[in-house]
Amino acid sequence: MATSTLPNKTDIDSLDPKEFIIIKNAQVNNLKNLSVAIPRNQFVVVTGLSGSGKSSLAFDTLFAEGQRMYVESLSSYARQFLGRMEKPEVEYIKGVAPAIAIQQKVNTKNPRSTVGTTTEIYDYLKLLFSRVGKTYSPISGNEVKHHTVSDIVDYVQSFDEGTKVMISCPLQIQDGRDISKELDLLLQKGYTRILIDSDVHFVEDLLQEKEVPQGHYEILIDRASVRKDDEDNQFRIADSVQTALFEGHGYMKITIPEVEEKTFSDRFELDDMVFEIPTVNFFSFNNPYGACKTCEGFGSVLGIDPDLVFPNKDMSVYEGAIAPWRGESSRSWLEPLLKKGIEFDFPIHRAYEDLNDDQKELLWTGNKYFKGLDAFFKNLETKTHKIQYRVMLSRFRGRTVCPDCKGTRLRKDASYVKIAGKSIIDLVLLPIDEALDFFKTLDLPQHQAKIANRLLKEIVSRLEFMDEVGLGYLTLNRLTNTLSGGEYQRIKLATSLGSALVGSMYILDEPSIGLHPRDTDRLVGVLKSLKDMGNTVIVVEHEEKVMKSADQIIDIGPDAGSNGGEMLFQGPIEELISTGQTYTAKYLRGEEQVFQKKGNRKWKDSITVKGAREHNLKNIDVTFPLNTLTTVTGVSGSGKSTLIRKVLYPALGKRLGTVIDESGKYDKIEGDYKKVSQIEFVDQNPIGKSSRSNPVTYVKAYDAIRSLYADQPVSKQRGYKPAFFSFNVDGGRCENCAGEGTTTVEMQFMADIHLTCESCKGKRFKNEILDVKYKDKDISEILDLTVDEAIDFFEGKNQIVNRLKPLQEVGLGYIGMGQSSNTLSGGEAQRVKLASFLGKGGSKSGDHILFIFDEPTTGLHFHDIKKLLHSINALIEQGHSVIIIEHNTEVIKSSDWVIDLGPEGGHKGGYLTFSGTPEDLAKEEDNYTAKYLKEAFV
């Protein structure tokens with residue numbers, strides 16, 4: 001074991017906190033008096049087995065202390081809780097910089113939050129369009145202009161010194177008033193002269209005449225002359241202009257006698273249309289003023305879903321392509337189309353997908369020969385008082401893109417405002433890499449460029465960072481809650497880079513998650529630039545490329561849980577590889593290997609998805625073998641998640657009757673899907689919504705433990721049933737914290753603070769329940785054990801041990817029995833779900849479950865991936881099938897079949913670039929995955 005660079009505890013005391021972030025004797029969670037000195041302004045990777053203590057060091061110790069020190073600097077209201085806030089268990093921490101933690105969780109469920117709003121790019125876009133955007137009429141395409149008081153005064157001042165000027169406005173005669181009454185009112189307002197066909201008349205004189213002459217009436221507001229250096233005179237003209245615009249309801253005239261006359265208007269209109277003057281709120285879908293009135297800023301409405309109306313696009317209209325017109329009662333709508341289609345040249349025998357856009361549109365709008373689908377559904381809506389019509393309508397309804405704003409959430413007239421021919425709506429629908437090209441090449445007139453200069457710098461800078469972290473395929477309009485954990489983390493990273501903070505401590509939790517090896521290189525460049533700006537970058541990571549790029553490696557172990565928490569190595573990666581004896585060093589040297597496969601499994605059954613075209617998928621046909629381990633791979637944004645999550649899973653689930661999610665666009669599913677009895681999507685979402693949920697309750701081991709404690713003599717004497725040992729129901733649990741072990745203090749302006757319950761001291765149960773013991777441990781002490789410790793403790797109690805063993809097999813032996821599920825990482829939650837399936841045993845009565853895993857290697861060390869693959873292979877041996885969305889080359893190498901999408905991300909992706917064995921993929925040329933897989937096979 002290399003220890004030459006490990007800091008001596010006495011040496012740590014003498015280090016300068018200006019040069020090092022110093023932690024002495026940390027005991028948080030499983031850390032065993034760990035001392036470390038992290039050099040400032042360096043890129044440091046913390047690695048080790050899952051559960052070894054990496055997050056305890058980086059987040060629960062370092063970041064927690066940074067946050068505590070931040071709160072200490074706040075108001076007295078916040079500080080009153082500081083005495084009760086738990087400090088990290090550590091002798092001292094010196095040299096802590098302001099801490100910014102960027103974790104994997106997508107912690108926003110706001111349906112209005114988008115990539116643009118999260119990164120603040122949209123805020124700059126709103127400012128840019130409100131300041132330099134020009135409004136164009138959708139009718140003529142001409143620019144809409146209006147005149148301000150300043151414009152009109154500048155016009156007047158442009159004439160020679162001493163030039164005479166008349167300021168007038170049209171006389172607006174109110175309905176029901178005659179001209180005499182209007183003139184009388186003018187006199188009362190103080191106006192003494194009017195113009196009739198450009199001739200000046202005194203109002204008093206006109207009122208004395210019996211008959212007022214007819215003609216075009218204007219109020220003469222003021223007569224002045226141009227004086228270039230007389231400020232008071234300019235103020236007078238400006239005041240008169242403002243009065244003229246008011247009295248003329250937005251219209252006025254400047255007359256230079258015997259030279260010219262010109263009409264001005266402050267009304268923003270053209271082609272008989274009144275336009276809104278652009279403001280920041282005009283472009284905000286989070287504001288009622290700017291939000292689309294149809295969808296209220298959500299981008300989608302509940303409407304008729306064309307994919308439900310035309311479920312099988314291979315069928316012709318004659319064969320029954322129009323689903324709602326297949327019934328006997330509704331066939332009367334179809335008959336006129338079939339009989340008279342020849343009269344307007346409609347091909348009733350042509351497959352729906354082969355019809356052109358006009359013919360498809362005709363089916364909805366109808367013509368003089370037949371009524372279309374729009375009329376059919378309107379007719380149904382008039383009969384919704386009858387249940388059968390309500391049921392029929394509901395069968396064809398779905399969330400559809402808002403027809404008015406096309407999913408952009410903004411009011412329609414926001415698209416009339418443009419910069420260089422693009423509206424804000426056009427820009428948020430562009431992939432980020434294309435939007436970046438637009439702004440880099442944007443050439444504005446000098447005056448506009450001066451106004452937009454600072455805004456454009458911020459927009460370009462943030463778009464560049466987004467592109468650098470491998471997210472160029474996203475659009476600014478993409479909803480934040482549809483992003484993966486890795487994508488969200490990289491967005492927060494790009495936002496931090498855009499903020500250009502200096503002297504901070506960035507702590508990142510596996511930023512390489514969800515990244516293809518090609519994109520990892522770019523990510524490393526971003527992390528280095530964050531360091532070069534003058535920050536300390538601390539990354540919890542297992543990715544080999546990231547480790548090899550770090551200035552220092554801190555390896556924690558040797559194992560997980562109670563067997564971890566020690567610092568095994570600190571120093572450069574070269575030294576770790578050459579002399580280290582840790583698991584990390586052995587895998588990096590090749591002494592240990594993740595790869596485990598005796599040969600590709602042969603398969604004969606398969607499922608084929610035809611015509612998948614959701615999001616960026618290019619109408620592809622993909623075959624998935626059954627009874628094998630299949631990996632779906634490709635660069636970030638190539639369409640992997642869309643193919644599996646949006647198409648395969650809901651489409652197959654609907655046929656099995658177990659999934660109600662809306663499926664993405666595809667034509668049909670073929671093959672042996674009837675042989676699959678169940679489909680399970682094992683994602684990284686939390687395993688329970690309650691904070692009392694934990695892994696042991698999830699795998700059903702706690703039921704047997706409660707029964708064991710209810711069988712103890714003390715329990716029988718007192719009449720305690722198994723429910724008394726549950727923290728989910730009243731009875732034995734602590735009533736103060738309702739079995740949580742903690743109470744929550746709401747902090748108003750900050751995240752809530754969770755404090756240990758003062759009544760039960762975190763034990764969750766009443767004192768009398770803790771009198772019941774098994775092998776000298778009460779139920780609270782059992783919940784404090786790790787899974788590994790519990791398996792040893794309950795030796796011989798097979799009912800409990802058999803439920804816990806799968807947790808150990810998937811590499812989760814280190815987690816606490818009572819650890820709240822919301823403290824588990826996404827990868828840990830996924831493996832708990834896997835363990836629950838392993839615990840149910842092999843196939844029963846021919847059960848064949850298709851398991852789908854979304855990046856199960858998240859948060860896993862090489863050693864843990866080896867255990868995971870062993871568990872996944874156990875599922876296949878039990879007669880099931882497994883599909884994995886993954887970038888890890890060791891997993892790809894260990895697969896039986898690989899489906900590769902690409903070649904790029906976003907609109908340049910969505911093609912099937914390879915389907916076959918990993919060995920054949922490694923032989924491919926011009927394939928990103930093949931390039932990195934070749935290196936893995938070496």
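Just so we're clear, the structure is a prediction, and the values are computed from it rather than from any experiment.
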Verify whether one side chain among Ser881 and His848 offers a donor that lies under 3.5 Å from an acceptor in the other. yes
Charged N-O contact under 4.0 Å between Lys610 and Asp667: no
Between Ser512 and Glu541, a side-chain donor and acceptor under 3.5 Å: yes
Within the side chain of Thr633, is there an N or O that forms a donor-acceptor pair under 3.5 Å with the backbone of Glu886? yes
Could you verify whether a donor N or O on one side chain and an acceptor N or O on the other, from Thr917 and Asn600, lie under 3.5 Å apart? no
Using modelled atom types and a 3.5 Å cut-off, is there a donor and acceptor pairing between side-chain atoms of Ser52 and backbone atoms of Asp559? no
Report yes or no: does Lys640 contribute a side-chain atom to a donor-acceptor pair with the main-chain N or O of Val635 at less than 3.5 Å? yes
Is a side-chain donor or acceptor of Asp467 paired with a backbone partner of Asp433 at a separation under 3.5 angstrom? no
Go through the side-chain N and O atoms of Thr630 and Thr628 and say whether any donor and acceptor fall under 3.5 Å apart. yes
Could you verify whether a donor N or O on one side chain and an acceptor N or O on the other, from Thr114 and Asn477, lie under 3.5 Å apart? no
Within the 3.5 Å criterion, strictly below it, is a donor on Thr480 or Thr118 matched to an acceptor on the partner's side chain? yes
Distance only, no hydrogens: is a donor on one side chain within 3.5 Å (strictly under) of an acceptor on the other, for Thr495 and Thr119? no
His542 side chain vs Leu860 backbone, donor-acceptor pair below 3.5 Å: yes
